[in-house]
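Here's the structure we're looking at; comments come further down.
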Amino acid sequence: MSESDPILDPLNEKQREAVTHGEGSLLVFAGAGSGKTRTITHRIAHLIRDRGVAPYEILGVTFTNKAAAEMQERARKLVGETNIQPELRTFHSFGVRLLSEEVNALKRERNFSIYDDRDQLAVLKECLKQLKLDPKQIKPRTLAGRINYAKDNLMYPRQYAEEQGKDADEQFYTIYKTYEKILLSNNAFDFGDLILRPVKLLQENETVRNRWQLRFQHLLVDEFQDTNPAQFELAHLLAEKHGNIVAVGDDDQSIYSWRGADISNILNFEKYFPNTKTVRLERNYRSTQPILEAAHAVIKNNSHRKDKKLWTDKSEGRKPEVYAARNDYKEAEYVLETIRLLEKMQGVSPGDCAVFFRVNAQTRVFEEVFTRENMPYVIVSSVGFYERMEIKDLLAYLKILVNPADDHSLSRIINQPSRGIGEKTEAALMEYAAAQEASGLEALPLLLESGQLTGRAHNALSKFYQLYNQLQEYNDQPPLKVIEKVLEKSRYIEKVVEKKDDHTAESRLENIEELKRVAADFGEENPDPPLADFVEEITLLTDMDTTETEATAVNLMTLHAAKGLEFEVVFMAGMEEGLLPHRNSEFDPERKEEERRLCYVGFTRAKKRLYCSWSRKRRLYGTERQNHPSPFLREAGLLDEPSALHGVDSGRRGRAFNQSRKRSKRKMKKKSKKITTASGKSNAGSRAALNYEVGEIIKHPKFGRGKIVAIQGSESSPTASIKFDAVGEKRLALAYAHLEKIS
DNA sequence: CCGTTCTGAGAGGGA
DNA sequence: CTCAGAACGG
């Protein structure tokens with residue numbers, strides 16, 4: 001072996017043990033900051049270089065595209081440039097790949113659409129409509145939860161019905177079946193399908209199973225603690241023949257049970273894969289000793305965990321601080337002031353700091369305070385980029401170009417931007433399509449020819465059909481080009497700009513630009529990029545992939561979003577009983593353990609300093625409530641000292657912040673209300689309604705007698721607020737309200 | 001058909 | 001308190 005080996009030398013003893021493991025199953029408990037990614041990538045490099053494994057025989061599976069890309073990148077550096085790289089994918093993208101290659105064995109066309117959870121909700125609403133059920137009594141959200149649960153646990157409708165037994169679930173069974181039928185007719189899969197279907201296929205079809213079991217001789221699964229039963233089974237099936245599976249994860253960081261993740265997948269791994277070798281990476285390269293101590297003091301209270309303890313040789317460092325704020329504003333001000341202080345005294349940049357929350361709602365106060373005090377911040381992963389209305393609209397356009405059977409995407413944009421195709425017209429089209437057993441787009445020209453339409457509907461639909469045909473011509477162009485054509489031909493941008501309600505139009509345009517940029521990047525990376533691939537990639541992108549932390553601004557994020565990241569300075573905000581642990585987990589010991597893991601994840605993100613804060617009072621859900629400190633603070637050994645030192649709002653702290661706190665400066669929603677009185681009207685001639693004055697008594701055909709209390713609106717369409725004797729105050733457009741003067 | 005106002009439910013995390 | 005969907009006016 002050469003003197004300096006880039007693959008094996010940088011590893012510690014335990015890491016090397018994992019990396020050089022031979023055949024058979026291996027379980028790696030990789031604690032926070034223990035060099036997990038390094039271990040995985042070096043193992044891949046080692047397999048290729050030293051064990052004669054071909055890159056294409058290696059499959060690595062992760063949860064986010066970002067993690068997959070990072071591994072790809074790092075592995076490439078170690079192995080050197082080769083034409084063939086190992087397959088490093090997310091679970092979902094692997095599922096898509098398998099499904100597209102095996103599409104012949106499925107009831108789908110190759111160009112299937114992928115529905116995310118919002119699409120799923122829309123489909124479920126459609127189900128309820130078809131079955132004539134009331135969405136108020138049966139909530140689509142609940143249904144989505146049950147369907148996802150069923151799919152995560154590998155159950156089709158029938159199996160779910162059997163599993164649950166009882167006739168009580170008859171209704172759900174029917175809905176689930178209908179839902180599946182709609183997906184089928186739209187040539188679409190939902191997220192759950194992307195795992196469930198490959199598993200079923202591998203289980204039921206021997207040829208397919210053999211093919212995939214032979215193809216990948218080595219399987220590595222990252223974040224194994226986050227796998228759900230279906231994902232576990234997928235990994236199990238792929239590794240069944242050769243048994244070469246490496247599962248990497250940390251049970252202490254399992255925080256996705258609500259999404260179906262099953263911590264017992266990692267805890268019981270050895271049961272499913274006999275003769276598993278287990279390696280624990282406990283050496284931490286990230287945090288100081290006092291931080292690790294606090295973290296361990298918390299996590300050791302969990303009963304369902306593998307015993308392990310992180311250690312470091314960085315023995316120096318400060319004990320984490322606790323601050324009890326009088327209210328949530330004081331809490332934000334404390335964080336802000338601490339950051340300012342660190343900046344001044346220690347040269348810490350705001351970008352090195354992160355504030356973690358349990359719930360998104362907490363960010364609001366911080367935004368308000370940070371904005372007021374000019375502290376730069378970014379919210380990491382708030383509302384998903386790809387969930388934005390305009391992005392979903394544009395994607396829907398692309399989806400119908402790729403997959404004309406996609407009625408759901410069609411219905412999303414058939415009148416977006418509005419082009420005179422209303423509910424009725426759309427319903428007529430879909431009915432006609434159903435009668436023809438065709439998709440909406442297939443039925444569209446037939447309906448136009450059938451002569452069944454009224455002039456207006458015919459006109460609107462035929463215009464849309466023209467649009468669709470025009471766009472279809474660009475189908476094989478690069479995605480960026482297609483998007484530009486969609487925007488141009490549909491006049492989407494104009495419509496966005498037209499309704500210039502405050503700043504939303506601006507941010508929409510930005511989002512559209514962002515999507516175009518993504519499309520441009522995609523085009524550069526893929527020389528001849530099929531539109532379908534672009535659509536697939538975007539659909540499978542996650543928030544974690546699109547949002548970046550910021551080097552120059554304080555990073556605000558939820559604890560869930562924090563996993564996998566690290567910061568010099570970490571603030572844990574809202575360390576209160578009821579918030580962390582969240583009150584929904586109060587009565588469930590398992591879920592309470594997960595809250596503890598969340599706390600642990602937060603603590604272990606900190607490299608140098610950790611600050612915890614809580615608020616005695618907090619306005620949440622509209623009401624102000626009193627709080628107690630989180631029990632985790634006590635467990636961490638951070639509450640022991642006399643409260644005089646830590647617990648009291650010293651008053652000195654908030655010096656600069658004592659000015660009156662204005663909550664109202666959010667969104668200036670007021671559209672400058674011009675009070676225009678009737679006397680000011682000169683062009684009133686054409687409009688009979690305009691010569692009214694405030695104070696006049698009038699009569700309305702429906703509401704009866706009323707008094708005009710204000711007149712507002714633009715000159716061309718004035719409106720009046722009228723206080724009616726019978727129905728109270730209403731606002732009516734003077735041009736249309738059939739008012740009669742009676743005074 | 002479209003836009004605004006009103007109402008009622010929901011507020012945990014996110015691929 | 002806030003947002004989504006319903007209801008309603010024009």
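Naming: A, B, ... by sequence-line order, numbering from 1 per chain.
When atom types are taken as modelled, the side chain of A:S615 and the backbone of A:R618 share no donor-acceptor pair closer than 3.5 angstrom. Under a 3.5 Å cut-off, the side chain of A:S254 and the backbone N or O of A:D251 do not form any donor-acceptor pair.
Considering only side-chain N and O atoms, A:K563 lies nowhere under 4.0 angstrom from the phosphate OP1 or OP2 of B:dG14. Applying the 4.0 Å criterion to OP1 and OP2 of C:dG5, one finds that A:K125 has a side-chain N or O inside that range. For B:dG13, neither phosphate oxygen OP1 nor OP2 lies less than 4.0 angstrom from any side-chain nitrogen or oxygen of A:T558. In terms of phosphate contacts, A:N360 brings a side-chain nitrogen or oxygen within less than 4.0 Å of OP1 or OP2 of B:dG14. Contact check, A:T64 against B:dG14: no side-chain N or O comes under 4.0 Å of OP1 or OP2.
Within 4.0 Å (heavy atoms only), A:T62 reaches no atom of the nucleic acid at all. When heavy atoms are screened at a 4.0 angstrom cut-off, A:E595 is found touching base atoms of the nucleic acid. Heavy atoms of A:N415 sit under 4.0 angstrom from primed sugar atoms or phosphate atoms, though from no base atom.
Looking only at atom types and distance, the side chain of A:Q120 has a donor-acceptor partner in the side chain of A:N148 under 3.5 Å away.
Per the geometry, NE2 belonging to A:H458 stands 19 Å off C1' belonging to B:dC1, to the nearest Å. The NZ atom of A:K392 sits 14 Å away from the P atom of C:dA4 (whole-angstrom rounding). To the nearest angstrom, P of C:dC1 lies 13 Å from CD of A:E368. Separating the CD atom of A:Q120 from the P atom of B:dA15 is a distance of 15 Å, rounded to the nearest angstrom. Between A:R118 atom CZ and B:dA15 atom C1' there is a gap of 14 Å when expressed in whole angstrom units. One can place CD of A:Q231 at 17 Å from P of B:dG14, the figure rounded to the nearest angstrom. In this entry the distance linking CZ of A:R259 with P of B:dG13 reads 14 Å, nearest Å. For the pair A:N65 CG and B:dG14 C1', the interatomic distance rounds to 14 Å; values are reported in whole Å.
Considering only the side chain of A:K424, B:dC1 comes nearest among B:dC1, B:dA15, B:dG14. Taking every side-chain heavy atom of A:T425 into account, B:dC1 is the closest of B:dC1, C:dT2, B:dG14. Considering only side-chain atoms of A:K139, the nucleotide from B:dA15, B:dG14, B:dG10 that sits closest is B:dG10. When the nucleotides B:dG14, B:dA15, B:dC1 are ranked by their closest atom to the side chain of A:H92, B:dA15 comes out on top.
Remark: A:F112 pairs with A:F189 by the ring pair (Phe, Tyr, Trp, His ring centres under 6.0 Å) rule, at least two apart or across chains. Residues that satisfy the side chain to side chain donor-acceptor pair (under 3.5 Å) test with A:R605, not counting sequence neighbours, are A:Q253.
Stacking here means ring centres nearer than 5.5 Å and ring planes tilted less than 30 degrees, and by that measure A:W258 stacks onto B:dG13.
Comparing A:S418 and A:L598 by the nucleotide of DNA chain B whose heavy atom lies nearest to each, the residue mapping closer to the 5' end is A:S418. Closest-nucleotide positions on DNA chain B for A:F191 and A:G420 were compared, and the one nearer the 5' end corresponds to A:G420.
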>> For A:E70 and A:Q72: C-alpha separation, side-chain torsions, deciding distance, then whether side chain to side chain donor-acceptor pair (under 3.5 Å) applies.
In response: CA-CA 5 Å; A:E70 192 191 344; A:Q72 190 78 258; over 6 Å; no

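One can find a donor-acceptor pair under 3.5 Å joining the base of B:dA15 and the side-chain atoms of A:D117.
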